[in-house]
Structure formats: structure tokens, C-alpha cells
Amino acid sequence: MAEKIKGKGVISGIAVGNILLAGQNLDSFLVAYKPRSKGTEKKKAAEALVAVAENLKKSIEEFTAQGLKEQAGILEAHRLLVEDPSISSAVDEQIDISGSAPKAVLDAYEANAQIFEQMDDEYFRGRAVDMRDVGKRIAKYLLGIKEPEIAGKVIVAGKDIEPSVIAGLPTDKIAGVILGVGSTTAHAVIIAKTRAIPTVVGVGDGIIHIADGDPVILDGETGEILIRPSDEEREAYNEKIKEQEKLRAHYAELKDKPAITIDGKEVELVANIGSPADADAAVKNFGATGVGLFRSEFVFMGKTDVPKEEDQFKEYKAAVEYCASVTHGEGLCVIRTMDIGGDKPLPYIQVGHEENPFLGYRAIRISLRRKDLFLPQLKAILRAGVYGKAAIMFPMVINVDEFLAAKQFVEEAKRELAAEGQKYSDNVQVGIMVETPAAAVMAPVLAKYVDFFSIGTNDLVQYTLAVDRGNAQISYLYNHFNPAVLRLIKRTIESANKEGKWAGMCGEMASDPNAAIILMAMGIKELSMSAPSIPKVKERIRNITFTKAKEILDKVMELEDGDKIRDYLATIG
Ligand code: PEP
Ligand code: MG
């Protein structure tokens, strides 16, 4: 019998492979290393920094040429950590202490990593792993360690996987990912998601039961991991894999079919993306008919300064063009203006210490005060609109005034573009995320002004129920079927439709097939989700009538408890 550990399945699919433990231990190499004089060690360290930066540059160019923007972006962030002007003096100081260049490099980056690890914010804490990763990369160069050759498919496992490990492996070599920490914002998970690699996070200390080379079966749906499975267990999973393959083939057939009910009600199924490459994959591989949420803050991450209008324009234009290439559906690309703050701070935008970052200076609140950031972004989106259909969406809006103020910036951006003689689209829709209870309650009023609503349930659930979206201790309360949440959603959709506007959803709830049918019955026009979820939602919609979906909704709205609603919906599959 296999040893079993369990985590949280975040990217579904069954993976079979041998473990590749991320995070090679360098201790024995460090002991064997013979340092020379301190002067020579300093010279070697300086040369290593230059060489590693050069190697990273080459990899970045290769990834960019292959359209792997995410990987290129992460390595670019790593290159900046290598070229950080303060690092060489920190390394020299460490050489004065230990006398060894590789050890000094590791110690210098470790010191930085520890500072980041102390931070309150999950995003910054997550970046500590990038620092250790970079330190290790340079130390390995100094120690002359080559990366191991990989035979067959591997399941990459680690407490906190270094992003370069995943970024550096070709997709066809990675069967799955296991992460000790529970973070879904870890770079490793972000990459796995866009590549649809089955992933389990949050296995905690379970990770110590896994050794390098162990054969493992991982279920990205249930979060189950079988270490050294027996023949019978393999056999049982082989059945599941066969079913999965059948399902994949079936889903592939669905790719170009519409998400339409048996009696002809159609819903747009679109993708949540963080880069133009995601849009390309979503359209080509999963049949997305557009993008319902381009999280533009990803364009701002991994950089040392605010990206210029021109650089942003290139990214938005590429995403808009990929959406315009769809053969079915609208091909709309909804670009959300930067949602910075909360769990997504940026090193170059000072927010200051906040007791409650999720209730603090974030998203549209920053944009409205920082014209220097907001206008270039709006101009870039308006320009991108020329190449297809673009929409602008403001995050975290709580009242009409914010929307009107933001809209004025859109007008100002148009005036500036006209004065500059730049081409821009005058047909860019302007809407808001409904992710605060205030916006949902005021939906009948807001609907008069906006072109559309997109319901952000990730935040709407947390703010409505006062349940932190990332707190595992109270995750049992975080339920998008809670009647309070459902009433706000229904109100939002109906308010939009009453004013002749459209409503969509881009929170995680949209990827739940059971939720999809009741949302459709409420009158939602578009559901936006991470692309690999599109086929299963489409399948559900194509196998039900709109009449039946409305009956189910009526019953759901009578139930008084979120768990009961979830259970009821699970029984009617
Ligand atoms: C949401 O809140 O539902 C949403 C889609 O935005 P994010 O997850 O980026 O906060
Ligand atoms: Mg949100």
C-alpha cells in the first residue's frame, strides 16, 4: 500500500511520475569547495554575477521567442535580483566573514529572503523563495554544479518550489506539481495554472515523506497523493487516467462548440488571464470566446518601475488580438485596470503600512489618486482597442462617484491621445467589478452609468461574509452559495439587465459548473474563469435546459443555508 498524504487540489488532473525534489541541497558541495584568498573569492563572485545575469538574459530571450511570457517575466525578475546594485557589496561583506564566494552568495540572498519572509503580506513573503532561488543559481555556478538531466516525466515537489525549477522545465517533462505551502499566488502555481499541470498545494509537513525519485500518483482534483503506490493502486488509478483521457478527448471535441443549453440559451465562456500568452492558450486550447478578466497588475509585477504606456500597449494589444481571432462568440477582451494593494502590492508603489490592507488603499482608490499611473494605462488600453474589442474594467468600486471620476480619466486619456495624433478606439466599453457588498447593493443605481458589471466573487464572498479568502481556519465559512452572497449576485445581474446592460462573473465561482447553471438562470451573460475550467462548465450548460435551470434556481433561492444549497446542487448533476 502506498503512503498517502493530502493537500488541496488546485489544478485538476491525475499525474503519474517520479518525484523531482526542488531545492537541491548544496551542503556537501560547499564543504568540498576550496576557497582561495578573499580578494580572489570576491573577483570570482563578481564574475559569477555577470555570467548568471548573461545566462538569464539568454533564457529570457528563448522563452520570449517561444511566447512563454510568464516564464520570461519571472526570469526577468530574477535577473534584476542578480543585477541589484546592493547585492555585490553584500556578497563582499559576507566573503570578509566566511571567506567562501558560494557561501557568501547564499548568505547574502538568504539575509534578503529573511527580511521578505517577515513581511505581513503574502505576496512579498512569497518572493523570499525567488531570492533563495537566485542565490542558489549563482552559488551553483560558482560550485560548477550542472542541472540534472531529466528522463521521463517528473512530479516536481518542494516545500516552496523555486520558480526557476518549473519555468526551466519544458511542459512535456512536468506531469504534476506538489507544494508544501498553501499559497495559490506562488509563482510556481501561477505557471502551473497556465500550463494546466495537475497541482496540489498545502501538503505541509507531508512533504517530508517524499524522497527524490519516488514514484507518485497525484490527483489534482481531490488533493490526494499516493507515494510508492502498489500495483493494485496503480491499476485503480489507471482506470481513472483512462477516464480522464476520455474526458479530455471529449472536452477537446467541445472546444469549438458554443456553451448553449438544450433549449437554446447561450452563455459566453471566457478566460481570466495574466498575460497575452494566456489569452492565446485559452482561445486555442480551451475554446474561450474572449477574455473576461485580464488582471493587468501582472503586467506591473516583476518590474522595478512602472511599465511605460508603450510597453503596456504592446501587452494589451496582443491580448486583444488573440481575442479577436476567435471563430465563435464576441472576442471581447476585458482589461481590468491595476488592482494593486491588498494581497498584490508592488515594490515601486508605496502604500505604507496598513492594519487592514484588504480594506485599505488599493485598486481604484490608488488609480484615482495616481493620475501618473492611471492615465498611461487607460491610454494603452484605448489604443489596444483599435486591434479588436477591448473593455476597461475598474476594480473595487464602491459608489457612483468613483465610477464617474474614473470615467472622466478615460475621457481625458482620449483627449490626450487625440492631441498626440494617436489612433484609439472610441468603442471601448467601460464597466466595473462588483466585488464589494456596497456595489452589489447599489447595483440598480450603478447600472444606469456603467456599460457592464463583472461580479468578482473572490472578494465579494470575503467582504459579504467577513471571511478572509485565504484563511484556512475559516475556509468552511467561505461559500459562494451562501444565501446572502446569492442574493447580492442575483440583484446585480437583474439590475444590469433591467438597464439593458450586461453582467458577467470573473470570480472563481464562475468555474463551478453547478453555480454556472443558476447564474445562467439569473440572467448572466458571460462567465470568466481560468481556461482549463471552461470545458467542464460548457459540458454542464450543454446538458441542461434553461427551463430546468430556472426551476433549480427557484428551489435554491428557497433554501436558507449555503451548505444545503451546495449539497442540493451536487445531487442534481
Ligand atoms: C475577484 O475578487 O473575484 C476577482 C476576480 O479579483 P481578484 O481575484 O483578482 O481579487
Ligand atoms: Mg478582487
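Below, all heavy atoms of this structure are taken into account, side chains as well, without hydrogens, waters or symmetry copies. Just so you know, ligand 1 is whichever comes first in the structure, and atom 1 is the first atom listed for that ligand.
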Whether Trp502 and Phe452 hold their rings parallel, tilted or perpendicular, with breakpoints at 30° and 60°: parallel
Close N or O approach (Glu297, ligand 1; < 3.5 Å): no
Test of proximity, Glu508 against ligand 1: N or O pairs below 3.5 Å: no
Atoms of ligand 1 less than 4.0 Å from [X] heavy atoms?
| X | value |
| --- | --- |
| Arg469 | 2 (O), 7 (P), 8 (O), 10 (O) |
| Glu435 | 1 (C), 2 (O), 6 (O) |
| Cys506 | 5 (C) |
| Leu293 | 5 (C) |

At under 4.0 Å between heavy atoms, is it the side chain or the backbone of [X] that contacts ligand 1, or both, or neither?
| X | value |
| --- | --- |
| Thr457 | backbone |
| Met529 | neither |
| Arg336 | side chain |

The Mg ion (ligand 2) contact by Asp339, N, O or S atom under 2.8 Å: no
Residue-ligand contact Met433/ligand 1, heavy atom below 4.0 Å: yes
With no hydrogens and no angle check, do the side chains of [X] and [Y] hold a donor and an acceptor under 3.5 Å apart?
| X | Y | value |
| --- | --- | --- |
| Asn272 | Ser530 | no |
| His328 | Glu266 | yes |
| Glu494 | Asn497 | no |
| Gln377 | Thr337 | no |

Side-chain atoms of residues 384-406: list all donor-acceptor pairs with protein atoms under 3.5 Å, sequence neighbours left out, distances to 0.1 Å.
{"from": "Lys389", "atom 1": "NZ", "to": "Glu330", "atom 2": "O", "distance (Å)": "3.3"}
{"from": "Asn399", "atom 1": "OD1", "to": "Asp401", "atom 2": "N", "distance (Å)": "3.3"}
{"from": "Asn399", "atom 1": "OD1", "to": "Glu402", "atom 2": "N", "distance (Å)": "2.8"}
{"from": "Glu402", "atom 1": "OE1", "to": "Ile398", "atom 2": "N", "distance (Å)": "2.7"}

Atom name of the N, O or S atom in Glu435 that lies nearest to the Mg ion (ligand 2): OE1
Closest approach to the Mg ion (ligand 2) by Asp459, given as the N, O or S atom name: OD2
Side-chain heavy-atom pair Phe294, Arg336 within 4.5 angstrom cut-off: no
Exercise: identify the closest heavy-atom pair between Ala531 and Pro535: O-CD, 3.8 Å
Partners meeting side chain to side chain contact (heavy atoms under 4.5 Å, CB included) with Ala113 (sequence neighbours left out): Ala128, Met131, Arg132
